[in-house]
Visitor: 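Can you keep this structure in mind? I'll have questions shortly.
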Amino acid sequence: MQHPWPDDLLAIPHRRDVPFSRLTTLGVGGVCRWLFEPETEAQAAAFVKACAREGLPWRVLGGGSNLVVLGDVDIPVVRLKLPREVVRRGLEVSAPASFGHIRLSTEVAAMGLSGLEYASGIPGSVGGALHMNAGAYGREMVDVLARFRFLTPAGDLVEKSPEPGEFSYRWSFLGDRHLALGLVVRLVEGDPARINALVEEYRGRRGTSQPLDRRNAGCIFKNPTGQSAGRLIDQAGLKGFRVGQAEVSPEHGNFLVNLGGATATEFRDLMTLVREKVREIHGIDLQPEVEIW
Ligand SMILES: Cc1cc2nc3c(=O)[nH]c(=O)nc-3n(C[C@H](O)[C@H](O)[C@H](O)COP(=O)(O)OP(=O)(O)OC[C@H]3O[C@@H](n4cnc5c(N)ncnc54)[C@H](O)[C@@H]3O)c2cc1C
């Protein structure tokens, strides 16, 4: 059968026509036509280099917990499946980008290391957390980041420490076509009982404030400086508002949830409506925190 990609790309493990309902936490969107799943860093580099050589655009998918996919994606999508190896050296712990962020938080807590408690309820991969500079409760990834490894758009490997200007609120310089491969976090010795108490407190807070029984992508909009997007949405009277099966959660205004079988169009329309209403009432233009594909 004719296919559009070069042979060296097709030598990398891949699957075809995978629905985004299986690849994202929100569960909307069409089909991922080409999902490449490198199992080694060498395969990841081969993927990026082949795409660079052919001038092919591509995207990287982590745990799909910060994504709203609006349709089919025809360009190659890469999702790392690196060996799940976490290594501790003193106060530093390294993990591959495809490792679970919550799992890393749990593992370092079990080692008696403190610093990643904030991540105990943030789903997705370590690579996605690096890209998004994910955070909660006043802490974020860059606070514990010692070093990270990534492939440039040309496929060259870079390993470095974070520098000023490279990470800010839910943003990093790792824009499109930088593929994070792994990172090292630097933590501090902690009292296991206190670490676990903090983790439990954070989990408890999420359990009472977030609609975790519905499919969602976390907070949909960024908090404007000094404001809470959820409160602005609530004050606009939008909690519980629905477009089809897409709903502004009655529990948390900044969570837009999939009640079951929501379509990408319903989600896009609900997001547009929320933005328009908040602009009309508060004069504030909410910016998406989620990535939109
Ligand atoms: C219930 C719930 C609660 C949440 N709570 C929080 C929270 O408290 N704080 C918070 O910050 N976020 C939160 N989120 C959002 C989300 O979990 C984070 O943004 C997470 O870090 C995204 O990681 P991911 O692997 O799922 O990335 P994806 O959603 O797969 O991708 C997000 C972006 O990262 C890029 N990316 C993914 N992997 C890589 C890689 N290896 N290299 C380069 N780029 C990559 C993607 O291309 C995309 O642009 C929440 C989400 C849910 C569903």
Side-chain angles (χ1 to χ4, degrees), residues 20 22-29 32 35-38 41 44-45 47-48 57-69 73 75-82 95-105 116-143 148-153 158 167-183 202-203 205-207 209-223 229-230 249 251-252 254-258 288-293:
F20 278 104
R22 282 203 251 134
L23 298 172
T24 62
T25 55
L26 183 61
V28 304
C32 179
L35 180 65
F36 290 87
E37 296 182 306
E41 291 197 358
F47 171 88
V48 176
W58 54 274
R59 290 185 188 280
V60 49
L61 176 71
S65 64
N66 204 46
L67 280 185
V68 177
V69 183
V73 174
I75 60 174
V77 172
V78 61
R79 183 172 71 162
L80 297 171
K81 274 196 157 176
L82 300 174
S98 43
F99 203 78
H101 199 191
I102 293 179
R103 182 147 173 224
L104 182 62
S105 165
L116 265 182
E117 295 90 338
Y118 77 87
S120 57
I122 306 181
S125 65
V126 161
L130 183 68
H131 177 104
M132 298 303 304
N133 190 23
Y137 310 116
R139 303 274 291 168
E140 53 190 14
M141 171 54 82
V142 69
D143 295 336
F148 56 107
R149 296 154 57 74
F150 63 93
L151 295 166
T152 67
V158 175
F167 294 87
S168 62
Y169 172 60
R170 306 299 166 263
W171 178 89
S172 77
F173 76 102
L174 293 168
D176 284 350
R177 281 166 230 157
H178 285 76
L179 181 55
L181 295 176
L183 54 69
Y202 289 160
R203 289 210 176 126
R205 280 209 234 168
R206 280 178 194 272
S209 66
Q210 297 181 356
L212 301 180
D213 55 337
R214 298 278 188 201
R215 295 188 76 168
N216 68 78
C219 288
I220 293 284
F221 298 103
K222 292 186 182 184
N223 289 325
S249 163
E251 286 168 85
H252 190 312
N254 203 10
F255 272 62
L256 271 48
V257 300
N258 179 354
E289 177 170 323
V290 288
E291 303 274 322
I292 298 170
W293 285 10

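Values below: every heavy atom of this structure, side chains too, minus hydrogens, waters and symmetry copies. Note that ligands are numbered from 1 as they come in the structure, with each ligand's atoms numbered from 1 the same way.
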Visitor: Checking a contact table here: which protein heavy atom is nearest atom 44 (N) of ligand 1, and how many Å away?
Guide: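 Residue, atom and distance for the closest contact: His131 ND1, 3.2 Å.
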
Visitor: Could you list the atoms of ligand 1 found under 4.0 angstrom from a heavy atom of Leu67?
Guide: 29 (O)

Visitor: Taking all non-hydrogen atoms of both residues into account, name the closest pair between Asn258 and Leu26 and its distance.
Guide: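 Closest approach of Asn258 to Leu26: ND2-O, 3.0 Å.
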
Visitor: Could you list which atoms of ligand 1 come closer than 4.0 Å to a heavy atom of Ala136?
Guide: 8 (O)

Visitor: Could you tell me whether Gly64 and ligand 1 have an N or O pair separated by under 3.5 Å?
Guide: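 So ligand 1 has an N or O lying under 3.5 Å from an N or O of Gly64.
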
Visitor: Can you see which heavy atom on Met132 is nearest to which on Glu289, and at what distance?
Guide: CE-O, 3.5 Å

Visitor: Can you tell which part of Ala134 has a heavy atom less than 4.0 Å from ligand 1: side chain, backbone, both or neither?
Guide: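 Looking at Ala134 and ligand 1, atoms from backbone and side chain both fall under 4.0 Å.
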
Visitor: Enumerate the residue pairs fulfilling side chain to side chain donor-acceptor pair (under 3.5 Å) with a member in residues 211-220, sequence neighbours excluded, ordered by first and then second residue.
Guide: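 Those involving residues 211-220 do not exist here.
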
Visitor: Is ligand 1 less than 4.0 angstrom away from at least one heavy atom of Arg170?
Guide: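 Yes.
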
Visitor: Just to be sure I read this right, does ligand 1 sit under 4.0 Å from the backbone of Leu212, its side chain, both, or neither, counting only heavy atoms?
Guide: side chain

Visitor: Closest approach of Leu116 and His101, non-hydrogen atoms and distance?
Guide: CD2-NE2, 4.3 Å

Visitor: For atom 26 (O) of ligand 1, what is the closest protein heavy atom, and at what distance to 0.1 Å?
Guide: Ser65 OG, 2.6 Å

Visitor: Ignoring hydrogens, what is the shortest heavy-atom contact between Ser120 and Tyr202? Give both atom names and the distance.
Guide: OG-CB, 4.1 Å

Visitor: I'd like to check whether Ile122 has a polar contact with ligand 1, where a contact means an N/O of the residue lying under 3.5 Å from an N/O of the ligand.
Guide: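 Between Ile122 and ligand 1 (N or O atoms, distance only) the closest approach is not under 3.5 Å.
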
Visitor: Considering the heavy atoms of Met132, write down every atom of ligand 1 situated less than 4.0 Å from one of them.
Guide: 19 (O), 33 (C)

Visitor: What do you reckon, does Gly62 have a nitrogen or oxygen under 3.5 Å from a nitrogen or oxygen of ligand 1?
Guide: yes

Visitor: Kindly say whether the aromatic ring centers of Phe36 and Phe47 come within a distance under 6.0 Å.
Guide: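 Between Phe47 and Phe36, which both carry aromatic rings, the centre distance is below 6.0 Å.
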
Visitor: Step by step, would you call Trp58 with Leu179 a side-chain contact (heavy atoms from CB on, under 4.5 Å)?
Guide: CA-CA 10 Å; Trp58 54 274; Leu179 181 55; 4.0 Å; yes

Visitor: Is it true that Glu37 and Arg79 make a salt bridge, defined as a side-chain N closer than 4.0 Å to a carboxylate O?
Guide: yes

Visitor: Can you sort out which atoms of ligand 1 are near Asn216, meaning under 4.0 Å from one of its heavy atoms?
Guide: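 So the atoms of ligand 1 that pass are 1 (C), 2 (C), 52 (C), 53 (C).
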
Visitor: Less than 4.0 Å between a side-chain N and a carboxylate O, is that true for Arg139 and Glu117?
Guide: no

Visitor: Which heavy atom of Pro211 sits nearest a heavy atom of Ser249, and at what distance?
Guide: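 Closest pair (atom of Pro211, atom of Ser249, distance): CG-OG, 3.4 Å.
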
Visitor: Identify the protein heavy atom lying closest to atom 9 (N) of ligand 1, giving its residue, its atom name and the separation to 0.1 Å.
Guide: Gly135 O, 2.6 Å

Visitor: Quick check: do Val78 and Leu61 have side-chain heavy atoms less than 4.5 Å from each other?
Guide: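 Val78 vs Leu61: side chains apart.
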
Visitor: Before you tell me yes or no, could you show the steps for Cys32 and Leu23 under side-chain contact (heavy atoms from CB on, under 4.5 Å), namely the whole-Å CA-CA distance, both residues' side-chain angles and the distance that decides it to 0.1 Å?
Guide: CA-CA 9 Å; Cys32 179; Leu23 298 172; 3.8 Å; yes

Visitor: Relative to ligand 1, is Ala217 under 4.0 angstrom through side chain, backbone, both or neither, heavy atoms considered?
Guide: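 Contact part for Ala217 vs ligand 1: backbone (N, CA, C, O).
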
Visitor: Has ligand 1 got any nitrogen or oxygen that is less than 3.5 angstrom from a nitrogen or oxygen of Gly121?
Guide: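 No; every N/O pair is 3.5 Å or more apart.
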
Visitor: Is any N or O atom of His101, backbone or side chain, closer than 3.5 Å to an N or O atom of ligand 1?
Guide: no

Visitor: Can you tell me the protein heavy atom closest to atom 8 (O) of ligand 1 and the distance?
Guide: Arg206 NH2, 2.8 Å

Visitor: What atoms in ligand 1 come closer than 4.0 Å to a heavy atom of Ala129?
Guide: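 Matching atoms, with element in brackets: 21 (O), 23 (O).
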
Visitor: Tell me, which protein residue and heavy-atom name are nearest atom 27 (O) of ligand 1, and how many Å apart are they?
Guide: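 Atom 27 (O) of ligand 1 sits closest to the protein heavy atom Gly128 CA, 3.7 Å.
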
Visitor: What residue and heavy atom of the protein are closest to atom 4 (C) of ligand 1, and at what distance?
Guide: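 Here the nearest protein heavy atom works out to Pro123 CD, 3.8 Å.
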
Visitor: Can you say whether the rings of Phe150 and Phe148 are parallel (under 30°), tilted (30 to 60°) or perpendicular (over 60°)?
Guide: parallel

Visitor: Considering only non-hydrogen protein atoms, determine which one is nearest to atom 39 (C) of ligand 1 and report residue, atom name and distance to 0.1 Å.
Guide: Val60 CG2, 3.6 Å

Visitor: Show the atoms of ligand 1 that are less than 4.0 angstrom away from any heavy atom in Gly124.
Guide: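 Counting from 1, the qualifying ligand atoms are 23 (O), 24 (P), 25 (O), 26 (O).
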
Visitor: Quick one: look up the protein heavy atom nearest atom 48 (C) of ligand 1 and list residue, atom name and how far away it is.
Guide: Glu291 CG, 3.8 Å

Visitor: Of all the heavy-atom pairs spanning Arg206 and Ala136, show the shortest one and how long it is.
Guide: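 In terms of heavy atoms, the two residues are closest at NH2-CB, 3.5 Å.
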
